[in-house]
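Reading through the structure tokens given below for one structure.
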There are 2 protein chains.
Amino acid sequence: MNTHAQNVPSACGDCPIRHRAVCSHCDHDELLELEGIKFYRTFEAGQTIIWSGDMMSFVGSVVSGIATLTQTMEDGRTQMVGLLLPSDFVGRPGRDGAAYNVVATTDVVMCCFRKKPFEELMMRTPHIAHRLLQMTLDELDAAREWMLVLGRKTAREKIASLLSIIARRDASVSAKGATGSKTFDLPLTREAMADYLGLTLETVSRQISALRKDSVIQLEGKRHVTIPDMRRLMDEAGDDSDGGFLN
Amino acid sequence: MNTHAQNVPSACGDCPIRHRAVCSHCDHDELLELEGIKFYRTFEAGQTIIWSGDMMSFVGSVVSGIATLTQTMEDGRTQMVGLLLPSDFVGRPGRDGAAYNVVATTDVVMCCFRKKPFEELMMRTPHIAHRLLQMTLDELDAAREWMLVLGRKTAREKIASLLSIIARRDASVSAKGATGSKTFDLPLTREAMADYLGLTLETVSRQISALRKDSVIQLEGKRHVTIPDMRRLMDEAGDDSDGGFLN
DNA sequence: TGTCCCAATTGATCTGGGTCAAGGTTATTC
DNA sequence: GAATAACCTTGACCCAGATCAATTGGGACA
């Protein structure tokens with residue numbers, strides 16, 4: 001039982017179940033069991049991966065690309081409830097119906113497992129259940145952190161919170177650690193950001209402009225963001241500590 | 001392996017680990033193992049059970065009373081992120097620090113387990129891990145459902161959503177099932193409701209008055225609510241289906 | 001090189017819910 | 001049963017963010 005290194009043994013392939021997603025150890029027994037129940041699927045940008053209420057026949061993780069979880073009311077109001085980046089897990093072992101829409105924001109490759117055999121594997125393999133429990137607890141924390149953002153933060157603080165989350169998960173760090181400067185491409189349209197933050201896209205646009213005018217962020221084009229001072233951004237977000245949506 | 005009935009065998013005592021909270025079956029082996037690691041604690045209304053950031057030395061479930069999970073910003077803005085009713089589980093196996101404050105709203109009795117032994121028990125006992133995973137997935141769904149409430153619903157819809165959740169979890173049903181009339185005592189002050197809904201207490205008060213004037217609800221005193229028509233309330237909440245915070 | 005299209009910006013105005021302030025209701029205590 | 005203290009309600013006013021409406025920018029394609 002050795003913890004997994006960055007470079008994956010070729011025997012493991014690039015299946016996420018052997019990376020962060022599900023297990024953190026690396027003996028090869030299960031690989032065989034997985035043959036035939038594991039497969040890859042690709043989705044185009046904009047495509048719905050799972051409809052809320054559908055029976056889900058698979059679980060899996062995101063290999064590349066970005067997907068979002070959204071809830072919708074009949075009148076069309078929508079709220080994004082999660083952001084899926086590579087290595088994030090999708091699915092609800094033990095459940096049949098999906099609770100929300102999963103939509104590909106960019107082109108997405110997923111590594112999927114047929115649900116029934118995966119559940120059986122999980123039953124036989126305690127560390128998978130434990131790993132899933134840890135991941136689910138992380139998501140629960142993230143969701144609750146986000147409830148504070150949605151319920152109590154101002155528009156400016158909401159934008160700063162979102163940027164700081166994306167920066168932490170996504171960014172190439174250009175300087176010393178958590179407080180230096182960071183650069184990344186926004187993976188979301190203004191409208192998607194609005195759906196995430198419980199705002200309108202106009203308000204998102206205005207607040208981004210304001211943050212740029214105040215030099216909290218720099219913009220190159222519409223999507224490429226650089227954050228000269230993470231500490232400053234996190235102050236704007238109202239985060240006391242190092243917060244942690246999506247860890 | 002028999003599913004648990006309402007009346008608990010006396011050998012089981014009233015420990016929640018044998019009720020809904022953790023396991024859904026009832027063989028007696030583990031009971032012995034639990035001796036010495038299980039204990040009860042009581043908290044007075046208003047008392048903080050766990051401070052955010054504290055090391056948690058126990059996990060457990062609520063036996064009686066009501067507690068809330070809250071997040072707070074330095075400037076005092078607070079957001080409730082969960083409501084704990086009897087049988088709900090508290091704690092994060094595998095984690096040390098608490099992520100939010102847990103506060104007793106009424107007097108609360110908790111059935112606690114020392115964390116380390118509980119975790120060891122969980123490692124040895126797959127069905128406990130599976131049960132906890134299911135419960136955590138339920139909480140995650142509930143949290144995400146609540147994100148829609150916080151991000152996209154109007155004040156009136158928010159109040160209706162909260163009332164319908166409490167009615168579903170808490171109420172004595174007076175008529176036929178989910179659509180009949182229900183009666184219950186509000187377990188929360190107006191201020192706590194406001195913290196739950198991302199509103200101010202004045203707005204909560206006004207919207208409750210409005211719902212009463214429109215006969216969506218009836219009030220006796222300040223806390224005793226009866227809902228003549230659940231279907232009507234759920235329409236007001238904007239819930240298409242039977243929604244499900246806290247299941 | 002233009003034109004089509006979609007994302008984004010910016011402006012003007014409106015409004016739901018926040019803020020501030022003044023009572024009213026119960027419950028508790030002595 | 002009067003005094004005190006929570007808790008709740010209601011009113012008047014205000015403002016952050018929504019809504020409605022142009023306009024701009026930038027990439028793909030012919």
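Chain letters run A, B, ... following the sequence lines, proteins first and then strands; every chain starts at 1. Basis for what follows: all heavy atoms, side chains included, without hydrogens, waters or symmetry-related copies. Just so you know, these numbers come straight off a predicted model, no measurement behind them.
Atom pair L219(B):CG and dT9(D):P shows a separation of 7 Å (rounding to whole Å applied). Here dG17(C) presents its P atom at 11 Å from CG of L197(B), a figure rounded to the nearest Å. When rounded to the nearest whole Å, the span between CG of L150(B) and P of dG17(C) equals 13 Å. Distance, K222(A) NZ to dA7(C) P: 11 Å, rounded to whole Å. Taking atom CZ of residue R152(B) and atom P of nucleotide dG16(C), one finds them 17 Å apart after rounding to whole Å. Look at CD on Q207(B): it is 9 Å from C1' on dG16(C), rounded to the nearest Å. Spacing between atom CG of D75(A) and atom P of dT19(D) amounts to 11 Å, rounded to whole angstrom units. Distance CZ (R77(B)) to P (dG18(C)): 13 Å, rounded to an integer number of Å.
Side-chain contact check for T200(B) and T203(B): at least one donor-acceptor pair (N or O, by modelled atom type) lies under 3.5 Å. In the model, D195(A) has a side-chain atom that pairs as donor or acceptor with a side-chain atom of T78(A) under 3.5 Å.
Looking at heavy-atom distances under 4.0 Å, G46(B) makes no contact with the nucleic acid at all. Counting any heavy atom pair closer than 4.0 Å across all strands shown, L199(A) reaches sugar-phosphate atoms only and no base atom.
Projected onto DNA chain D by closest heavy-atom contact, V204(A) and L188(B) fall at different nucleotides, the more 5' of which corresponds to L188(B).
Put simply, S205(B) has a side-chain N or O that comes within less than 4.0 Å of OP1 or OP2 on dT9(D). Between dA6(D) and T189(B), no contact under 4.0 Å exists linking OP1 or OP2 to a side-chain N or O. One finds a side-chain N or O of T200(B) lying less than 4.0 angstrom from the OP1 or OP2 phosphate oxygen of dG18(C). Of the side-chain N and O atoms in R223(A), one or more sit less than 4.0 angstrom from OP1 or OP2 of dA8(C). Phosphate contact (OP1/OP2 of dA6(D), side-chain N/O of R190(B), threshold under 4.0 Å): absent.
The pair D185(B)-K222(B) does not meet the salt-bridge criterion, since no charged nitrogen lies less than 4.0 angstrom from a carboxylate oxygen. Salt bridge annotation for R92(A)-D54(A): absent, with no cationic side-chain nitrogen under 4.0 angstrom from a carboxylate oxygen.
The base of dT9(C) is not paired with the side chain of R212(A) by any donor and acceptor separated by under 3.5 Å. Judged by distance alone, with hydrogens and angles left aside, R156(B) brings no side-chain donor or acceptor close enough to the base of dG17(C) to form a pair under 3.5 Å. Taking 3.5 Å as the limit, the base of dC20(C) and the side chain of E202(B) contain a donor-acceptor pair of atoms between them.
At least one side-chain heavy atom of M230(B) sits under 4.5 Å from a side-chain heavy atom of K182(B).
Proximity note for L201(B) (side chain, C-beta onward) versus dG17(C), dT9(D), dG11(C): the nearest is dT9(D).
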